[in-house]
Amino acid sequence: MIVLIDCNNFYVSCERIFNPGLKDKPLIVLSNNDGCVISRSEEAKRIGIQMGIPVFKIRDLIHKNKIFVFSSNFTLYANISRRVMHILKTYSEKIEIYSIDEAFIELRLHKSSYKECRNILNIIQKFTGVPVSIGMARTKTLAKIAVSLAKKRKDNIFIFNEYSNMLNLFKNIDIFDIWGIGKRYTKSFYKNGVYTAFHLIHLNESWILSNFNINVLKTYMELKGIVCYPIETYKKPKKSITVSRSFVNPILSFDILEKYINDFAFLCSYKMRLEKKRSNSMSVFIQTSFYHDNIYSGFTSENFFKSTDNYIEIVKKSSLLLVKIFKKKFKYKKAGVILNELNNFDSYQLPLFADKPQDKIISKESLMCSIDYIINNFGYSKIKLASQNLGYNWRTNKEHISPMYLSEWNEILDVKI
DNA sequence: TCTGGGGTCCTAGGACCC
DNA sequence: TCTGGGGTCCTAGGACCC
């Protein structure tokens, strides 16, 4: 059986670990730039705070209800996530870490399965302070449904076994709440009179295939208990790496935008080098706000002469690509850099005409390693290329950020005894 | 005034080959 | 007047997920 362990309101729960006073209080965590709500406590949900809503629309609500507000502290959340996953690994060798707050594991179904789930839940709660919900079923898609049912129960556990009246339960599962069915598909299902999981499993395969695609068919099969998405225990290598940001204040000037793009390219290179990869091609994009007039978005890609993991070459290229898409008189609100077609750093295709002199100028691997060393030991802001933002940090607005309790010596919680 | 960031996969259509 | 059949590869755009 596939067991899905899902942390409840994960970011909110992380903040509460170090702030027990926040228990039972309404609490939200915001996206970068403190823009949108990305995690809500049950109390905040009850007040009517919607997922993804921009903060400026709920200022009054926050004030009136004394909702506690936190900026996102991903370093902290990642550390806590690692602890939760570490515990799960002791229960099953077959584990797939699906996201920062979810993992699938494989367990045998037996009489005391419920007890076993109960035990997992208690241990995680006790050792990490994170409350979780657990769903157990034959397939991932069913386990997803099970976990959503678990969240509505007091014990936070739900198992689909031979005794559960699945068909009946499916009548109350909106098609939109099925894993793999998003906004658009929901719309076309509704148009065809398909509103619930119950309706979906009574369709025929060819109709689904001709109106949707292979993925929707797989979802349908999974609902029927046929495994189409097995647990994937190995970490799939990344195919692309992105660094992008929204700007608090829109940017009009090419020179300023270029410095940001160079920063993004530098960070993107660093992330790629951590993964021990090289890239064959790079994309750069810039966008105005979609919420106002005078909309423009530019996107372009280009191959490298040969695949590279060289900071200087990548940053240089980012400027060249920006020139291609930059247009004057637009207010740019977001920009980003993507490294595509990643290969392993030690096995990659050479071009037919490699070793042109232009290659040699910047093929100083030892210099690249020194840059890595400085970043790893002294921090990301301690070394930059001259074309980057030297004056100030582009790190975004985080007005309500909590301390890095688990990763900075000087931010560790004080305990008075 | 103020609206996140990072991914993967599928498909239709175009361009090309014999 | 009538104009085949069988492929591959690439890309943009559109879905989906957390």
Side-chain angles (χ1 to χ4, degrees), chain A residues 4 6-7 9-11 28-39 49-60 62 69-74 77-78 81 96-104 140-141 144 147-148 175-189 208-219 228-229 232 235-250 264 267-268 271-272 275 280-281 283 285 287-292 295 297 299-303 331 333-342 394-399:
Chain A
L4 173 60
D6 190 322
C7 302
N9 320 326
F10 184 56
Y11 300 160
I28 54 177
V29 175
L30 309 181
S31 62
N32 251 356
N33 283 335
D34 294 342
C36 297
V37 175
I38 55 171
S39 184
I49 308 278
Q50 306 245 300
M51 186 64 169
I53 192 154
V55 178
F56 71 86
K57 285 189 178 171
I58 53 165
R59 284 263 147 76
D60 287 350
I62 291 174
V69 177
F70 283 85
S71 305
S72 40
N73 183 345
F74 288 111
Y77 309 152
S81 171
E96 175 183 345
I97 297 169
Y98 180 66
S99 72
I100 192 163
D101 68 334
E102 281 171 81
F104 294 104
K140 281 184 179 172
T141 307
K144 276 275 189 184
V147 108
S148 72
I175 192 109
F176 181 62
D177 295 328
I178 300 169
W179 190 45
I181 309 292
K183 234 184 190 169
R184 294 298 178 103
Y185 292 167
T186 297
K187 217 174 154 190
S188 23
F189 271 122
I208 293 175
L209 217 42
S210 61
N211 286 276
F212 295 92
N213 57 35
I214 186 70
N215 286 334
V216 178
L217 186 66
K218 282 183 177 175
T219 298
C228 296
Y229 300 110
E232 287 174 1
K235 206 178 133 203
K236 276 195 185 162
K238 282 206 171 103
K239 295 182 174 179
S240 69
I241 295 177
T242 305
V243 171
S244 74
R245 290 292 179 281
S246 297
F247 307 121
V248 179
N249 302 309
F264 298 163
L267 179 56
C268 209
K271 284 181 163 186
M272 183 175 70
E275 301 260 330
N280 261 320
S281 85
S283 311
F285 66 89
Q287 296 170 357
T288 61
S289 168
F290 293 128
Y291 302 97
H292 301 98
I295 291 176
S297 78
F299 180 95
T300 189
S301 309
E302 206 175 276
N303 286 356
K331 294 179 177 174
K333 188 67 185 155
K334 185 177 177 178
V337 166
I338 309 170
L339 290 169
N340 305 299
E341 294 178 56
L342 306 184
W394 49 265
R395 302 266 155 173
T396 48
N397 260 9
K398 279 183 188 280
E399 236 176 278

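Labels below follow one simple rule: chain letters A, B, ... track the order of the sequence lines, proteins then strands, and each chain is numbered from 1.
Using a 4.0 Å cut-off between charged side-chain N and carboxylate O, K271(A) and E275(A) make no salt bridge. A salt bridge links K144(A) and E102(A); the closest N-O separation between the charged side-chain nitrogens and carboxylate oxygens is under 4.0 Å.
Using a 4.0 Å heavy-atom criterion, one finds that I241(A) contacts the sugar-phosphate atoms exclusively. Contacts of I214(A) with the nucleic acid, taken as non-hydrogen atoms under 4.0 Å apart, involve only primed sugar atoms and P, OP1 or OP2. Residue contacts for I181(A): at a heavy-atom cut-off of 4.0 Å it reaches the sugar-phosphate backbone alone, with no base atom in range. Nucleic acid contact for S240(A): sugar-phosphate only, since backbone atoms but no base atoms lie under 4.0 Å from a heavy atom of the residue. Among the protein residues, Y98(A) comes within range of the sugar-phosphate backbone only, with heavy atoms under 4.0 Å from sugar or phosphate atoms but none that close to a base. Among the protein residues, D101(A) comes within range of the sugar-phosphate backbone only, with heavy atoms under 4.0 Å from sugar or phosphate atoms but none that close to a base. Across all strands shown, K140(A) has no heavy atoms under 4.0 Å from either base or sugar-phosphate atoms. Contact annotation for K187(A): no contact, since no heavy-atom pair falls under 4.0 Å across all strands.
Closest of all the heavy-atom pairs between S71(A) and D34(A) is OG-OD1, 2.7 Å. Here the closest non-hydrogen pair linking M272(A) and L342(A) is SD-CD2, 3.6 Å.
Residue R59(A) is the one, among F212(A) and R59(A), whose nearest nucleotide of DNA chain B lies closer to the 5' end (criterion: closest heavy atom). Taking for each of T242(A) and P250(A) the nucleotide of DNA chain B with the nearest heavy atom, the 5'-most of the two is the partner of P250(A).
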### Dot-bracket notation for DNA chain C, counting Watson-Crick and G-U pairs under 3.5 Å, with | for partners on another strand
....||||||||||||||

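Note on ring orientation: taking the six-membered ring where Trp is involved, the planes of W179(A) and Y98(A) are perpendicular (angle over 60°, cut-offs 30° and 60°). Using a 30° and 60° split on the angle between ring planes, Y77(A) and Y11(A) fall in the parallel class, below 30°. Ring geometry for F212(A) versus Y185(A): interplanar angle over 60°, hence perpendicular rather than tilted (30 to 60°).
When only modelled atom types and interatomic distance are considered, N33(A) and K398(A) share no side-chain donor-acceptor pair under 3.5 Å.
A gap of 15 Å separates the C1' atoms of dC17(C) and dG4(B), to the nearest Å.
Between F189(A) and N211(A) the shortest side-chain heavy-atom distance does not fall below 4.5 Å.
For DNA chain C, the contact window with chain A, defined by any atom under 4.0 Å from a protein heavy atom, covers dA15(C) to dC18(C) in 5' to 3' order.
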